[in-house]
Amino acid sequence: MTNASIADAFDQIADLLDFQGANPFRVRAYRNSARTIRDYPEPLENLVAEGSKRLTQIEGIGDDLAKKIVTLVGTGELPQLVELKSQIPESVLALLRIPGLGPKKAKALYDQLAIKTLADLKVACEAGQVRKLKGFGEKTEQLILQGMEIAEKAGQRMYWAEADQIVQTLRRDLGACRGLKQLEFTGSYRRGKETVGDLDVLAVAESPSELMDRFGQFVGQGQVLGRGETKMSIRLQSGLQIDLRVVPEESFGAALQYFTGSKEHNVTMRGLAKDKGLKVNEYGVFRVKKDQEEYVCGRTEKEVYAAVGLPVFPPELRENRREFEWAEDGKLPELVELADLRGDLHMHTTETDGGATLEEMVEAARKRGLAYIAITDHSKRVSMANGLNAERLRAQWKQIDALNKKLGKHFSILKGIECDILESGELDLPDDVLAEADWVVCSVHYGQKQPREKITERIVGALANPHVDCIAHPTGRLIGRRDPYEVDIEAVFAAAKKHRKLLELNANPMRLDLNDVMCAAAKTHGIGIVISSDAHSTEGLDVLRYGILQARRAGLTKADVANTRSWSEMKILIGS
DNA sequence: GCCGTTTTCGGCCCGACTGTTTTCAGTCG
């Protein structure tokens, strides 16, 4: 049983309890634990073997949840969850995805109108049944009908890279507003999450209404969801919701901290503030004295954190994972930056499925300030991409040799290959060919659905080959589109550590694989991470910044990322 | 359900906005 499945079980319990109107703090306990477990760097299965005492050492897991984890791991199911599901049809949980419908209203619909599915709900709304319920009205009914379409669109979060494009446009648009003093995009966007559910904009403006008018024009074919004195929300036609908040100057830092989140980070932060007799909200930090509150600060994030005795956390770390522990020990990592990257070790050319020639890729990489690149076209098994056999590969390497001579010592092109790990576990090119390469990345493209043992064996086997340097996109997931392979990532870590090999963080915004939690786990094992573009065009080289964001979320420093080194230093690292 | 501790049980972050009310509950972030 994986951590993800344990977390899913607890999340389902939370949803069902919420629906039943259980104690909200009990519900929260399940949700918190689910989140912690999903992010936990080691399989809980391993800890179970050490007894439930070991489990309760994890923040947010007490005796009760520890027992439940033991049961789940041991039997594969949880009597409590089975029982809950027998009481409430699972389909009602879909109702909670409609914006504006929370557990209370959903339960009222279920209890009073026997609504079990989205289809039931639609019929009831159209028949005017819903408006008759206490607490509901005509508007709520309309809202639900609109929300049904959104519920389908909404589950889809957009890639950070897509959100970034909207942010750039909106920043330009709003930035032109007269009397605008501050403008910042907060929320999961600022934290650099791989996907973004909605956008949050924070501003200080002389005339909030003028800014809101301007914001309203951004709606296009979408709609304005609401507008108050300080807050306005719109939904673009694409389904993306954008919230704008205008705050006074003396609150900007507090609001920036607050709306950047994450929620979990803020809960901990407020708890620490409370211990110091302080209250933190989006308006500032306040000293609480009897019935009075005295404003302490709030102009900048630095002031706000300093008041609570904390450093300014890079937004990427604000997930309530280990950042507070690091801060307490004075060991907040100095996170890797885009400018630290010296080389890019995974890219394609027109020789296979790339859109640019060898020369064009080199030129583009030099323009971007890189000192070396590895050309890693596909091997022959990837026939769709016109993959290379030994002969064509060696021919390409001759070209590289020639070009390297012309370039001199200021730039190096490495003779590389993205060698397929075949379904059988064998590599797609013979050892004598791989031995001639400067850099070998291996990856799985076929047989992705093989059972856990088999696919793990393939990847572990590749790591054991002395000519292999790195595994590319080690879990194969495509965010929101394709699940990861069933690979036992712990076994991959163990093999990478044993053979002193590197693992890739693929910077393609749809991949970002390894993910942040896995990168952090790899770091604890002492495994080096390579951030690569996997570029199939010259523009493709620009995705490195998305990989950097993910690495920062994992808490990686310059030293943790192998390709921040020069190629000669890298050679020592990979022992060639 | 967890946590800390006043070691037995109370507290658990907090404010804006909306719709349905007539003073507030529910939802959201």
Side-chain angles (χ1 to χ4, degrees), chain A residues 10 13-14 17-19 21-37 55-69 80 95-109 130-144 147 150 154 186-191 196-202 208 212 224-233 235 241-247 251 254-255 257-275 278-286 288 293 308 320:
Chain A
F10 283 176
I13 292 176
L17 286 175
D18 207 358
F19 188 82
N23 175 354
F25 295 106
R26 187 175 167 220
V27 174
R28 191 196 288 174
Y30 277 102
R31 287 202 207 289
N32 283 345
S33 69
R35 199 177 154 283
T36 304
I37 291 166
L55 289 170
T56 57
Q57 285 169 11
I58 301 172
E59 181 80 19
I61 296 185
D63 291 335
D64 184 83
L65 290 181
K67 276 195 199 114
K68 286 181 174 142
I69 292 169
Q80 182 196 11
L95 304 183
L96 298 175
R97 287 205 300 270
I98 296 175
L101 266 197
K104 297 288 192 309
K105 283 210 164 84
K107 185 166 195 306
L109 290 168
V130 170
R131 71 181 72 176
K132 294 180 192 155
L133 299 182
K134 188 173 157 58
F136 290 75
E138 217 165 317
K139 283 203 171 171
T140 309
E141 202 173 72
Q142 284 307 310
L143 202 70
I144 289 172
I150 294 163
T186 65
S188 53
Y189 170 77
R190 185 164 181 243
R191 300 201 309 282
V196 173
D198 56 18
L199 282 177
D200 300 291
V201 194
L202 190 65
M212 285 185 178
V224 175
L225 299 175
R227 177 172 173 167
E229 294 282 304
T230 63
K231 183 186 167 186
M232 178 167 171
S233 298
R235 190 189 302 283
Q241 182 172 334
I242 312 178
D243 297 330
L244 168 69
R245 288 182 181 80
V246 188
V247 298
S251 301
Q257 194 286 323
Y258 180 89
F259 290 113
T260 297
S262 67
K263 200 165 72 178
E264 292 81 2
H265 174 90
N266 287 354
V267 167
T268 299
M269 150 100 172
R270 280 154 188 252
L272 293 172
K274 213 170 173 180
D275 295 344
L278 298 170
K279 189 176 90 171
V280 182
N281 60 25
E282 60 262 54
Y283 296 108
V285 179
F286 299 86
V288 187
E293 287 176 2
V308 191
N320 199 31

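Per chain, numbering begins at 1; letters A, B, ... match sequence-line order. Computed from heavy atoms alone, side chains included, the values below leave out hydrogens, waters and symmetry copies.
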Chemist: Please classify the nucleic acid contact of Glu138(A) as base, sugar-phosphate, or nothing, using heavy-atom distances under 4.0 Å.
Modeler: sugar-phosphate
Chemist: If the condition is ring-ring contact (aromatic ring centres under 6.0 Å, His included), which residues does Tyr283(A) pass it with, not counting sequence neighbours?
Modeler: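 ring-ring contact (aromatic ring centres under 6.0 Å, His included) list for Tyr283(A), sorted by chain: empty.
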Chemist: Describe the nucleic acid contact of Leu143(A) in one word from base, sugar-phosphate, nothing, applying a heavy-atom distance below 4.0 Å.
Modeler: nothing
Chemist: Base, sugar-phosphate or nothing for Arg227(A)? Non-hydrogen atoms, less than 4.0 Å.
Modeler: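 Sugar-phosphate contact only - Arg227(A) comes under 4.0 Å of backbone atoms but never of a base.
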Chemist: Over all strands shown, is Lys107(A) touching base, sugar-phosphate only, or nothing at heavy-atom distances under 4.0 angstrom?
Modeler: nothing
Chemist: In Å, rounded to the nearest 0.5 Å, how long is the span from OG1 of Thr56(A) to NZ of Lys67(A)?
Modeler: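 So the gap between those two atoms works out to 10.5 Å.
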Chemist: State which residues pass ring-ring contact (aromatic ring centres under 6.0 Å, His included) with Phe10(A); sequence neighbours excluded, sorted by chain then number.
Modeler: Tyr30(A)
Chemist: Holding to ring-ring contact (aromatic ring centres under 6.0 Å, His included), I want the full list of residues that pass it with Phe136(A), two or more places apart in sequence or in another chain.
Modeler: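 ring-ring contact (aromatic ring centres under 6.0 Å, His included) check on Phe136(A) returns nothing, list empty.
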Chemist: If a protein heavy atom is under 4.0 Å from the base, mark B; if only from the sugar-phosphate, S; if neither, -; do that for nucleotides 8-16 of chain B going 5' to 3'.
Modeler: ----BBBSS
Chemist: Tell me: CG of Asp198(A) to P of dT27(B), nearest whole Å?
Modeler: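 Nearest whole value for this atom pair: 18 Å.
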Chemist: Grab the N/O contacts between the protein and nucleotides 21-23 of chain B below 3.5 Å, and write none if there aren't any.
Modeler:
none

Chemist: Below 3.5 Å is the cut-off: list the nitrogen or oxygen pairs between protein and nucleotides 4-6 of chain B, distance only.
Modeler:
none

